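Shown next, in structure tokens, is the structure this report addresses.
Below, read A as the first sequence line, B as the second, and so on, with proteins coming before strands; counting in each chain starts at 1. The structure displayed is predicted, hence computed values, not measured ones.
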Protein chains: 2
Amino acid sequence: MDLSEAGRELKNAVQSKKLAILVGECEVKYWGRAASRLPRGKRLLLVKGGDNSLSIHQNTKIRPVNYMMDAVISCAEKDGALLIRAEKRKPAEKIEVVFHSLEHFKAFEMEGKNDLRLFGSEKELSDSLAENLSFIEPGLKPVKREGILRKGIVDILAEDKDNNIVVIEVKRRQADFNAVTQLARYVEHVRKIKDRKIRGMLIAPAITETALEMLKSLGFEFFNLEFEISNPKAKIKGLEKRQPTINEFLK
Amino acid sequence: MDLSEAGRELKNAVQSKKLAILVGECEVKYWGRAASRLPRGKRLLLVKGGDNSLSIHQNTKIRPVNYMMDAVISCAEKDGALLIRAEKRKPAEKIEVVFHSLEHFKAFEMEGKNDLRLFGSEKELSDSLAENLSFIEPGLKPVKREGILRKGIVDILAEDKDNNIVVIEVKRRQADFNAVTQLARYVEHVRKIKDRKIRGMLIAPAITETALEMLKSLGFEFFNLEFEISNPKAKIKGLEKRQPTINEFLK
DNA sequence: GCGATCAGCGGCACG
DNA sequence: CGTGCCGTTGATCGC
């Protein structure tokens with residue numbers, strides 16, 4: 001397929017929300033939040049009609065070397081080459097792809113559904129944990145939220161057997177500096193509202209040495225919790241209740 | 001091309017480090033850091049021989065719905081379908097893609113070079129700013145970083161006209177909570193080492209209201225600096241030195 | 001629309 | 001290798 005025909009077909013594909021694939025010699029320029037130039041070379045251009053996003057891929061990496069989402073896409077011929085322009089505003093950005101030669105063009109009708117089911121998100125783990133707080137510590141109970149703490153910010157808000165407030169931050173992977181400073185922010189936040197002793201607790205499958213140091217210096221606690229995906233399960237030496245795991249479930 | 005031939009061709013493509021493209025009806029399962037299931041539907045599978053990475057794309061979004069890098073990829077037939085397995089360890093992960101029908105298969109020889117030139121990274125902006133500190137404040141001078149802090153942690157370490165240490169954190173976009181807590185960590189770190197007055201300064205094109213609040217409460221300063229990409233240029237009312245911008249340069 | 005946070009973050013650079 | 005942190009972060013959810 002020659003370049004000008006590919007241009008018409010691409011226009012058509014975008015119109016009808018198809019997925020278009022182009023492979024060929026091209027160069028790419030980008031202006032926007034940053035700026036970049038990609039000299040001439042063979043690449044894959046993906047135009048997704050489902051949401052007018054566009055990516056330029058090389059033969060390595062998961063992420064595209066150039067991309068734009070919610071783009072206004074247009075084609076033109078220029079000096080015998082195929083010029084594909086993608087533009088958007090907010091933020092103002094522009095991509096120009098110039099194909100000097102095309103090795104492959106194809107467009108596919110696609111279904112629009114996005115029905116990935118993901119297990120083991122932080123929210124899932126956190127919710128599951130909130131229902132089993134006594135596993136963390138006897139007498140630990142979730143507390144009713146109000147006002148500014150109503151939702152979203154603090155992962156879990158609890159109360160221990162001595163009526164202290166416990167601010168809990170859950171991480172699905174190894175906790176780092178950022179996790180600790182987040183917890184610190186939330187604890188400070190709660191201190192301003194509640195006139196009670198506030199404990200800060202970080203729950204994660206692991207924590208970096210330096211983050212643990214900082215956590216301790218702030219007087220907070222770390223609880224090591226190994227997650228079997230979709231079911232939180234504490235890794236406490238010798239004490240292990242057997243539960244079906246998501247890995248087994250999916251088998 | 002039928003499924004079994006596609007399997008052989010894919011194996012061949014991986015062997016010879018080609019870029020392989022498959023479009024067809026498939027379902028995807030993933031086990032690893034999390035777990036996911038993607039029911040049967042038409043999708044695009046990208047296998048990049050350059051680094052043995054693999055992505056499954058739908059007709060929306062920049063990011064693939066499933067993916068793996070540095071994978072060990074294998075093909076097999078199973079109940080008349082094409083089963084593509086991707087595995088890796090560290091972390092242990094597995095993807096199974098089952099193609100029930102194939103609408104398209106193609107593999108491309110690709111060059112291995114990755115020669116994107118990017119302008120406007122934080123490091124570039126920070127370096128450029130470090131050479132023009134007097135623009136921020138008269139008498140502000142960079143101080144040799146070696147021996148004071150592990151290099152790379154603090155964006156810029158400077159000294160003002162009164163011999164105070166100024167810890168500077170640069171952000172290429174709107175600064176948020178994280179930027180402030182980062183700065184706070186660095187300032188704390190420097191305080192322990194230097195027995196001098198330490199100023200903390202955040203330089204960014206914008207800052208969220210709440211982050212500014214927190215910044216002030218910590219006694220730090222915010223300097224609004226609008227960046228013309230690749231050339232930092234302060235947006236101070238009335239005071240503007242004209243310089244060619246990267247946008248003009250790339251024109 | 002902006003703000004805040006998660007992500008199977010990915011990717012990179014330094015120790 | 002791990003640790004930290006940037007990213008044209010992207011994607012999501014609540015306000």
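- Salt bridge A/Arg43/B/Asp115: present, at least one basic N to carboxylate O contact under 4.0 Å.
- One finds no side-chain N or O of B/Lys123 lying less than 4.0 angstrom from the OP1 or OP2 phosphate oxygen of C/dC12.
- Rounded to the nearest Å, the gap between the P atom of D/dT8 and that of C/dA4 is 22 Å.
- A close approach under 4.0 Å does occur between a side-chain nitrogen or oxygen of A/Lys61 and OP1 or OP2 of C/dC12.
- Closest-nucleotide positions on DNA chain D for B/Lys171 and B/Lys90 were compared, and the one nearer the 5' end corresponds to B/Lys90.
- Distances shorter than 4.0 Å separate some side-chain N or O of A/Thr210 from OP1 or OP2 on D/dG4.
- For the pair A/Ser121 and C/dG8, the criterion of a side-chain N or O lying under 4.0 Å from OP1 or OP2 is not met.
- Counting to the nearest Å, the P atom of D/dG7 and the CD atom of A/Glu93 are 14 Å from each other.
- Remark: B/Lys123 engages B/Asp127 in a side-chain hydrogen bond (donor to acceptor under 3.5 Å, both in side chains) (not counting sequence neighbours).
- Ring-to-base geometry places B/Tyr30 in a stacked arrangement with C/dG8 (centre distance under 5.5 Å, plane angle under 30°).
- Between A/His189 atom NE2 and C/dT5 atom P there is a gap of 10 Å when expressed in whole angstrom units.
- The C1' atoms of C/dG8 and D/dG14 are separated by 24 Å, rounded to the nearest whole Å.
- Within the nucleic acid shown, A/Tyr67 comes within 4.0 Å of at least one base atom, counting heavy atoms only.
- Counting non-hydrogen atoms under 4.0 angstrom, B/Lys88 reaches nothing in the nucleic acid.
- A pairwise comparison of heavy atoms in B/Phe119 and B/Ile229 identifies O-CG2, 3.8 Å as the closest pair.
- The phosphate of C/dG3 has OP1 or OP2 within less than 4.0 Å of a side-chain N or O from B/Gln174.
- Nucleotide D/dA11 holds its P atom 14 Å from the CE atom of A/Met68, rounded to whole Å.
- Residue contacts shown for A/Arg172 are limited to sugar-phosphate atoms, with no base heavy atom under 4.0 Å away.
- Counting any heavy atom pair closer than 4.0 Å across all strands shown, B/Met69 reaches sugar-phosphate atoms only and no base atom.
- At the phosphate of C/dG10, OP1 or OP2 sits under 4.0 Å from a side-chain N or O atom of B/Arg33.
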- Item | CA sep, side-chain torsions, deciding dist, call: B/Arg199, B/Ile165, side chain to side chain contact (heavy atoms under 4.5 Å, CB included) | CA-CA 6 Å; B/Arg199 294 168 54 193; B/Ile165 295 283; over 6 Å; no
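- In this entry the distance linking NE2 of A/His57 with C1' of C/dG10 reads 13 Å, nearest Å.
- The CD1 atom of A/Ile153 sits 11 Å away from the C1' atom of D/dC13 (whole-angstrom rounding).
- One atom, CD of A/Glu122, and another, P of D/dC13, lie 14 Å apart when rounded to the nearest Å.
- Within the structure, every side-chain polar atom (N or O) of A/Arg117 is placed at least 4.0 Å from both OP1 and OP2 of C/dG8.
- A/Tyr186 and A/Glu169 are not linked by any side-chain donor-acceptor pair at a separation below 3.5 angstrom, with hydrogens and angles left out of the test.
- Side chains of A/Lys88 and A/Val72 form no contact here, defined as non-hydrogen atoms less than 4.5 Å apart.
- Of all nucleotides listed (C/dG8, D/dT3, D/dT8), C/dG8 comes nearest to the side chain of A/Leu118.
- Distances shorter than 4.0 Å separate some side-chain N or O of B/Arg185 from OP1 or OP2 on D/dC5.
- Between B/Glu27 and B/Lys29 there is no salt bridge, since no side-chain N of the basic residue sits under 4.0 Å from a carboxylate O of the acidic one.
- Taking 3.5 Å as the limit, the base of D/dT8 and the side chain of A/Asn66 contain a donor-acceptor pair of atoms between them.
- An OP1 or OP2 oxygen of D/dC5 is reached within less than 4.0 angstrom by a side-chain nitrogen or oxygen of B/Tyr186.
- Taking side-chain N and O atoms only, A/Gln182 has no distance below 4.0 Å to OP1 or OP2 of C/dT5.
- When the C1' atom of C/dC9 is taken as reference, atom CG of A/Asp176 falls 12 Å away, rounded to whole Å.
- A donor-acceptor contact under 3.5 Å links the side chain of A/Arg63 to the base of C/dC9.
- Between the CG atom of A/Asp70 and the C1' atom of C/dG1 there is a distance of 14 Å, given to the nearest Å.
- Within 4.0 Å (heavy atoms only), A/Val170 reaches no atom of the nucleic acid at all.
- Using a 4.0 Å heavy-atom cutoff across all strands shown, B/Asn178 reaches no nucleic acid atom at all.
- With DNA chain D read from its 5' end, the first of the two nearest nucleotides for B/Leu116 and B/Ile62 is the one closest to B/Leu116.
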